[in-house]
Amino acid sequence: MKMKKYIIVTLLTLGALATYSCSDDDTVTPDEGSNPTFDRGVMLTNWADNIIIPSFTDFGTKTSALEVATQTFVDDPTTVNLESLQSSWFNAYISFQEVSLFEIGKAEEINYRIRLNAYPTNVSKIDDYIENGNINFALPSSFDAQGFPALDYLLYGLGETNEETLGFFTTHTNADSYKTLLSSVSQTIHSLTEEVITSWTGPFRDSFVANIASSANGSVDKLTNDFIYYYEKSLRAGKVGIPAGIFSNDPLPQNVEALYKGDISKELLLASIETTQNFFNGEHFDGTTAGIGFKDYLDFLNTIKEGDDLSVLINQQFNIAEEKAKTLNDNFTIQIENDNNKMLETYNELQRNVVFIKVDMLQALSIDVDYVDADGD
Amino acid sequence: MNNTFTTYYKQQVEAAPLAVFRVFFGVMMLFSVIRFWSYGWIDKLYLQPSFSFSYYGFEWIQPLGIYTYGLFAVCGISALCVALGFKYRIAVILFFLSFTYIELMDKTTYLNHYYFVSCVSFMMIFLPAHRYFSVDAYRNRSLASFTVPQWTIDSLKVMLTVVYFFAGLAKLNSDWLVEAMPLKIWLPSKYDIPLLGDLMQQEWVHYAFSYGGAGYDLLIPFLLFYKRTRWFAFAVVVVFHVLTRVLFPIGIFPYVMIVSALIFFDASVHHKILAFISRLFKISKEKIDALASFSTKKSISRIAPITIAVFLCIQALVPWRYLAYPGELFWTEEGYRFSWRVMLMEKAGYAQFTVKDTQSGKQFAIDNRDFLTPFQEKQMSTQPDFILEYAHFLGTHFGSQGHKNIAVFVESYVALNGRLSQPYIDPKIDLMQVKNSFAPKDWLLPFNDKIEGL
């Protein structure tokens, strides 16, 4: 055991030295003569320190602002405060697209993504809360009646206009319940986010970065699986495929993200595509530098394999899908009802990258899709 | 000729190697069952899935629900009885049946070494492995014997030779030898392994392992047969299998192969092993030896050698059945299983099924997670017989929900040994119209490359 530790420490030190020696030009491959190696520890450090933690920290300020704006509105429900709250909600919702991908560690443990963004929101459960006042957001049965979609309903779905909406928080018989619910949802969003941030800024970061193993429990393998799951289920299926009716007999326009606000579903989708592409390329959250990511790992492995340049294909496909998505209406409900074909086309472009990422990239990285805990031969 | 054959057939040798083989095989299998059980794999692989993939012709073999545990218990207990040589014949038959039943329940879990266990346990039904150092021989003097026919031991050696040699032949292809694939994919990810880790990203290591692996498989049985190289060969066996254990998740297979290789050694080695076991369990080996040496030569049923001979001939032929199929074996997998093609390819796939009502024209895509475990989905998406079986399952499933005129299509991609993924199944084919059979699968799209070799 001691021996093993010693070896790991030595390897890490050597890895750090090797990284240091070539960090000035930011390449993975050291100069000629020595053999090229790829250090997953460097990639994990980049993921944690330059992408994940800054993303969550930034999102934390947005959820904090959301909580404050909610409190201001609850204390003083005016049109101005409602508009201010709506704008905080929008900022936070866009920003959530930049962290939703990282469902690992604490986030995974507390069902972060589904608690913040299960849509369509369950209106009858929300109405039931209002009537009976029983709220326990920690229960799985309430996951689809909280988070951003619940706020979407409370801020845009109650009335046709902001004046009408305001009425629910001022003159409605259950105005107090509406206010309480609004506060609880915003608070829960923020407190869950704080939990995740606390975990990342605590010991989790170090254990995440240190776990360079190529087993199912290794950080690279886990986050890669999370990346694929997010891209396939949340982005491709959730935002486009399901509402467009890919998985059902008919289109489901009521299943779009931000149904009640309406005209932001495209913006949410684009933010999500950008996040996944940036993460693929290892780009820092601040957008200034490209660190080490999947792209570099694939490029490194390709120097051994001399095959097709997968990172180029994947980036091209991201760009094509993004261009396609840009042609959509801001409001996906309108898009689906008027011309669902454009939604289907966007889905198809997103789908092409599922194949590249889930089949080709995983094979190149020699990572099993999902944890398949069984013997091989 | 006839005379040589008769002499060989009648040739008696010491029974110790067969006894040691029986003991170790039984213990390994008992351990294997316990390990499988303790990892929760019975539940995970046989109870949780709502649907299991069957072997053609064995669709009637299905997981038994909660009784599957009972099946594993039978398998484990009979393995222990085999090790002890207690009611050996019944035990080994029960072991063979229960183990093989388990393997036939879901082909998702197919592994060459499980097939190897089935083959060996089938052979053991016909081998007198209980005549020496067994409870049976201890309790029944007329059964005890110091010797067994030479062919009974040799048949196991031949079986092992078949496994290694065909595994070696299968590696003589351009992907393995020219591209060092799939080791070039697998090894770099193992860079965190202590001491060897740094080497795993070196290209020359991938080639060294490829050529080393092929050479090992082709030569090792012969080096084990030949007395002068036997100890060296055994050392190589140990190093090779321990290395594969370190690098790949292959369970207890390395240990099974290591102890199986002992069969090549002379009886003197096995007597030492038995003496060691006797000391360990405070058994009197002298008493066992005395009982056995009193006995006269035992006759053996005529059926046994004939069965074993036919079985080994089949073993030598089955790996070649792929020649009867057109197309690339690695791509179509027609004739891939049961042919000792071990660690030979890295295949990844993606299969998106669409269920269509041909009357209304309405269609919807399937989320495979609704029906399959991740493991099943992974295996399904690269193997055509799985894809067809799953398509029929989907068609029947949605048919029984009141949908009529169901057609099932699949859009699938497969990447093989580092090549870019390419379309796998013809997406225009309604898989509900395709019947499962041994006929070539013409609904597969052709492989856009060539792999040279056997």
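Residue numbers begin at 1 in each chain, while the letters A, B, ... track the order of the sequences. Just so you know, these numbers use all the heavy atoms, side chains as well, and skip hydrogens, waters and symmetry mates.
D360(A) and Y413(B) share no donor-acceptor pair across their side chains, judged by distance under 3.5 Å alone.
Checking side-chain atoms of Q201(B) against main-chain N and O of F38(A) turns up a donor-acceptor pair under 3.5 Å. Side-chain N or O atoms of Q363(B) include none that pairs as donor or acceptor with a backbone N or O of N249(A) at under 3.5 Å.
With a 4.5 angstrom heavy-atom cutoff, L310(A) touches chain B only via side-chain atoms. Neither the backbone nor the side chain of D221(A) comes within less than 4.5 Å of any heavy atom of chain B. Looking at E179(B), there are no atoms closer than 4.5 Å to chain A (heavy atoms on both sides), in backbone or side chain. Looking at V354(A), the atoms closer than 4.5 Å to chain B (heavy atoms on both sides) all sit in the side chain, from C-beta outward. Only the backbone of K347(B) has a heavy atom closer than 4.5 Å to any heavy atom of chain A. Only the side chain of M181(B) comes within contact range of chain A, with heavy atoms under 4.5 Å apart. Using a 4.5 Å cut-off between heavy atoms, L199(B) makes no contact with chain A at all.
Here Y350(B) contributes atom OH and L362(A) contributes atom CG; the two are 12.5 Å apart, rounded to the nearest 0.5 Å. In this structure, NZ in K358(A) is found 8.0 Å from OG in S381(B), a value given to the nearest 0.5 Å. Distance check: S215(A) OG to K190(B) NZ gives 8.5 Å after rounding to the nearest 0.5 Å. For the atom pair D192(B) CG and S214(A) OG, the distance stands at 4.5 Å (nearest 0.5 Å). Between the CG atom of L420(B) and the CZ atom of F356(A) there is a distance of 5.5 Å, given to the nearest 0.5 Å. For the atom pair F364(B) CZ and S248(A) OG, the distance stands at 9.0 Å (nearest 0.5 Å).
For the set G418(B), S360(B), S189(B), P182(B), the entry with the most heavy-atom pairs within less than 4.5 Å of chain A is S189(B). Residue with the most contacts toward chain B among L365(A), D250(A), I367(A): D250(A) (heavy-atom pairs, distance under 4.5 Å).
More than 12 heavy atoms of other residues, nucleotides or ligands shown are found within 6.0 angstrom of NZ on K107(B). In the displayed structure, F31(B) atom CZ is contacted under 6.0 Å by at most 12 heavy atoms of other residues, nucleotides or ligands.
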Show, in sequence, the C-alpha distance, side-chain angles and deciding distance for Q363(A) and N417(B), and conclude whether the side-chain contact (heavy atoms from CB on, under 4.5 Å) test is met. CA-CA 8 Å; Q363(A) 181 179 75; N417(B) 281 353; 5.7 Å; no

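The two atoms that bring V359(A) and A415(B) nearest to each other are CG1-CB, 3.5 Å, heavy atoms only.
Contact check on K233(A) versus D367(B) returns a salt bridge, with a Lys/Arg side-chain nitrogen under 4.0 Å from an Asp/Glu carboxylate oxygen.
Inter-residue side-chain proximity for L301(A) and P188(B) is flagged as met; some heavy-atom pair is nearer than 4.5 Å. A 4.5 Å side-chain heavy-atom check between Y191(B) and I212(A) finds at least one atom pair inside the cut-off.
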